[in-house]
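Everything on this sheet refers to the single structure shown next.
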Amino acid sequence: MTDHAFRAPKGTRDIMWPDSARWRALVELFADVAGSAGYLEVVPPMFEHVEVFQRLGEATDVVRKEMYAFEDKGGRTIALRPEQTASVVRGFAEHRPALPYKAWYAGPNFRYERAQKGRFRQFDQVGVEVLGPHDPHLDAEVITLAWRFYERLGLRQVRLLVNSLGSAEDRARYVEALRAHFEANLDALSEESRATLATNPLRVLDSKRDADAELVADAPRMLDHLSDDAAAHFAAVTAALDAVDVPYTVAPRLVRGLDYYVRTTFEFAAEALDAAQNAVGGGGRYDGLAAEMGAPETPGVGFALGVDRTLLACDAEGVFAPPTAAVDVFVVDATGGDEAVVLADRIRAAGLRADRAWDGRSMKAQMKAADRSAAAVAVIVGEDEKASGTVTVRDLRGDGGQETVDRDQLTDILRARLR
RNA sequence: GUGGCCGUAGCUCAGUCCGGUUAGAGCACCUGGUUGUGGUCCAGGAUGUCGGGGGUUCGAAUCCCCUCGGUCACCCCA
């Protein structure tokens, strides 16, 4: 056990191979899915002026207690980003790219909270944001992209929950209806939920406490408080999802933790994860956010998917396996190691992955290392081969057959064997 | 931020309740059996601040306190 100062800080960890390879593969797959729909990558800074994130809502936990905020040496109040939507929208307001602005991103976010499985202080997300269109078909496209991404990972047990919070006015009216409902039954509400009610009535609906179950079930439904316009928007979203065969569940009590959401909201739950952290992704519309950042009134919609949790879901479903081999060829040099210097370089130059052993170990030890490397073939060089300008190529995965070939033929032989 | 459980070799864990010779096992690792050949087998070997600090005691992995970390639930979310 290492001294505590030399361990990764609480809530962080090292992504070691093969997890790191799988991590990269996931991001590459996401880039491919987003790219297939014309989204372009954006890489926002990992920290911003704290005001950027205060737009997430002063009553949200993300802002109230989870922000990694500090003063820099220039006296600025800076915060590590707790999510990327606010940064992407800030970048939009700052640069005013042509509309529609369709962006995807991947990278770490930071929230100061108590870590547990699937919840870290530094956690990665991939996501998309689109600024410009108000079109409900765009909401559906965004949701569909996330759905197809999960499909391509191989996930089959993801449930899509959708809801509408209505327009900003609808939402405000609904919050008052909720407040009235809970206040009329205050003594039936848990103590914790009473505190939540005071700051953010919507999130009382999120309570998982048994004491609140009945009152929450009886609460007024958002979908009954939608204006005609918002109801039509939501109907168009679900119709488009039907049209592309993306299955969903309407969840009238789906609340999301950030205050900027209006109209469409959605969440992806991995049913293979029975932990409390089974939300693997979520998003929605944020039509007012760009204007708050100084841009003209510009509607927006997007989602973020948690990389860690998505991979946990993949584990639970036994899909998206990590790679097994880091190299194709392992060079075994029984002459002291000089031969391997040249052979490994030549094999790599031919586009194959090659590793070797060090410190002049015995041939047996080198063969063990070759086996463990998961390489498919070993290239062996001893005094005989050195003298005759040949190498021995040995199969490591099948029957162990080997042949001694001229060095000039080596890369051709290797390519043929590895095909 | 609140509460429960946990922390012994690289990994998985036994030993902790009822304190007592040099702290163990399996796997992994190294060397040899096979002076040029891995994956099976056999023999041998190396490896521990018993998470950290303090206390109780003749004596602490074992009991007590604090602390760090993990984990589960709440909160919240990815």
Side-chain angles (χ1 to χ4, degrees), chain A residues 1-13 16 56 59-66 82-85 107-127 146 190-193 195-196 199-200 203-204 206-212 255-258 267-270 273-283 303-313 330 332-335 357 359 361-375 377-386 392-402 404:
Chain A
M1 208 57 64
T2 324
D3 188 299
H4 107 97
F6 300 121
R7 278 188 281 171
K10 189 183 183 76
T12 71
R13 71 264 191 253
M16 307 288 283
L56 305 180
T60 63
D61 280 18
V62 169
V63 171
R64 271 184 28 244
K65 63 175 196 186
E66 296 172 3
E83 55 124 52
Q84 276 162 275
T85 302
N109 303 316
F110 307 85
R111 292 182 195 174
Y112 190 90
E113 58 187 340
R114 187 121 163 208
Q116 55 180 269
K117 196 186 193 83
R119 192 172 78 178
F120 303 95
R121 289 185 172 180
Q122 176 178 334
F123 63 101
D124 269 59
Q125 290 183 327
V126 295
S190 68
E191 193 178 328
E192 295 91 335
S193 287
T196 307
T199 55
N200 196 334
R203 283 218 312 287
V204 176
D206 252 348
S207 170
K208 289 171 194 157
R209 286 173 289 268
D210 293 341
D212 298 326
V255 180
R256 308 227 4 105
L258 304 169
E267 192 165 294
F268 298 94
L273 297 177
D274 50 17
Q277 276 71 38
N278 74 341
V280 292
F303 66 71
L305 314 181
V307 174
D308 317 81
R309 289 187 189 178
T310 298
L311 288 175
L312 284 176
F330 198 96
V332 171
D333 179 357
T335 74
D359 296 335
R361 307 206 339 180
S362 71
M363 178 167 239
K364 175 172 177 164
Q366 293 190 52
M367 285 303 293
K368 270 177 173 288
D371 188 53
R372 274 199 310 267
S373 77
V377 299
V379 166
I380 303 166
V381 128
E383 294 301 341
D384 295 348
E385 288 89 345
K386 184 177 179 183
T392 296
V393 178
R394 180 180 171 89
D395 172 62
L396 291 173
R397 300 298 146 219
D399 57 8
Q402 65 181 48
T404 297

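Chain letters run A, B, ... following the sequence lines, proteins first and then strands; every chain starts at 1.
Across the P atoms, B:U49 and B:U34 are found 37 Å apart, a figure rounded to whole Å. Taking the P atom of each, B:U67 and B:A28 are spaced 41 Å apart, rounded to whole Å. Annotation: B:U71 and B:C17 have their P atoms spaced 28 Å apart (nearest Å). Comparing the C1' positions of B:U16 and B:U8 gives a spacing of 10 Å, expressed to the nearest Å. Taking atom P in both B:G1 and B:C58, one finds a spacing of 39 Å when rounded to whole Å. Separating the C1' atom of B:G32 from that of B:C18 is a span of 46 Å, rounded to the nearest Å. For the C1' atoms, the distance from B:C74 to B:U57 is 41 Å, rounded to whole Å. Atom name P, nucleotides B:C68 and B:C41: the rounded distance is 46 Å, in whole Å.
When only modelled atom types and interatomic distance are considered, A:Glu385 and A:Thr392 share a side-chain donor-acceptor pair under 3.5 Å.
Taking atom CD of residue A:Glu66 and atom P of nucleotide B:U2, one finds them 15 Å apart after rounding to whole Å. The separation between A:Asp359 atom CG and B:C30 atom P is 12 Å, rounded to whole Å. Taking atom CG on A:Asp308 and atom P on B:G70, their separation rounds to 14 Å, with Å as the unit. If you take CZ of A:Phe120 and C1' of B:C72, they are 14 Å apart, rounded to a whole angstrom. A:Arg111 has its CZ atom 16 Å from the C1' atom of B:G1, to the nearest Å. Between the CZ atom of A:Arg119 and the C1' atom of B:A78 there is a distance of 11 Å, rounded to whole Å. To the nearest angstrom, C1' of B:U71 lies 13 Å from CG of A:Leu312. Between A:Leu258 atom CG and B:A78 atom C1' the separation is 11 Å, expressed in whole Å.
No side-chain donor-acceptor contact under 3.5 Å links A:Arg394 to the backbone of A:Val377. Listed for the A:Arg121 side chain is no donor-acceptor partner under 3.5 Å among the backbone atoms of A:Ala115. In terms of modelled atom types and a separation under 3.5 Å, the side chain of A:Asp333 and the main chain of A:Thr335 share a donor-acceptor contact.
Here the closest heavy-atom approach between residue A:Gln366 and residue A:Val332 is recorded as OE1-CA, 3.4 Å. When all heavy atoms of A:Arg13 and A:Gln122 are compared, the pair lying nearest together is NH1-O, 3.7 Å. When all heavy atoms of A:Phe120 and A:Gly11 are compared, the closest pair comes out as CB-O, 3.2 Å. Nearest approach of A:Met363 to A:Ala334, heavy atoms of both residues: CE-CB, 4.2 Å.
Both tests do not hold together for A:Arg111 against A:Phe123: distance to the six-membered ring centre under 6.0 Å, angle to the ring axis within 45°.
Under the Watson-Crick and G-U wobble criteria, each requiring two contacts below 3.5 Å, nucleotide B:C50 is left unpaired. B:G3: Watson-Crick or G-U partner is B:C72, with both key distances under 3.5 Å. Pairing for B:G36 is absent, judged as Watson-Crick or G-U wobble with the two contacts each under 3.5 Å. Nucleotide B:C27: paired with B:G10 (Watson-Crick or G-U wobble, both distances less than 3.5 Å).
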Side chain to side chain contact (heavy atoms under 4.5 Å, CB included) between A:Val280 and A:Leu273, intermediate numbers included:
CA-CA 10 Å; A:Val280 292; A:Leu273 297 177; 4.2 Å; yes
What N/O pairs connect the protein and nucleotides 3-5 of chain B at under 3.5 Å? Give each pair on its own line.
{"from": "B:G3", "atom 1": "O6", "to": "A:Arg114", "atom 2": "NH2", "distance (Å)": "2.9"}

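Distance from the side chain of A:Phe123 is smallest to B:A78 among B:C30, B:A78, B:A73. Out of B:C30, B:C72, B:G70, the shortest distance to the side chain of A:Lys10 is found at B:G70.
Residue contacts shown for A:Arg361 are limited to sugar-phosphate atoms, with no base heavy atom under 4.0 Å away.
For A:Glu113 against B:A78, a side-chain N or O and a base N or O form a donor-acceptor pair under 3.5 Å. Judged by distance alone with a 3.5 Å cut-off, no donor-acceptor contact links the side chain of A:Arg203 to the base of B:C75.
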Give the B/S/- string for nucleotides 33-45 of chain B, one per nucleotide from 5' to 3', where a protein heavy atom under 4.0 Å of the base yields B, of only the sugar-phosphate yields S, and otherwise -.
B--BBBB------
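When each of A:Gly282 and A:Gly11 is assigned the nucleotide of RNA chain B bearing its nearest heavy atom, the one mapping closer to the 5' terminus is A:Gly11.
With sequence neighbours excluded, the residues that form a ring pair (Phe, Tyr, Trp, His ring centres under 6.0 Å) with A:Phe268 are A:Tyr150, A:Phe266.
An OP1 or OP2 oxygen of B:G70 is reached within less than 4.0 angstrom by no side-chain nitrogen or oxygen of A:Gln116.
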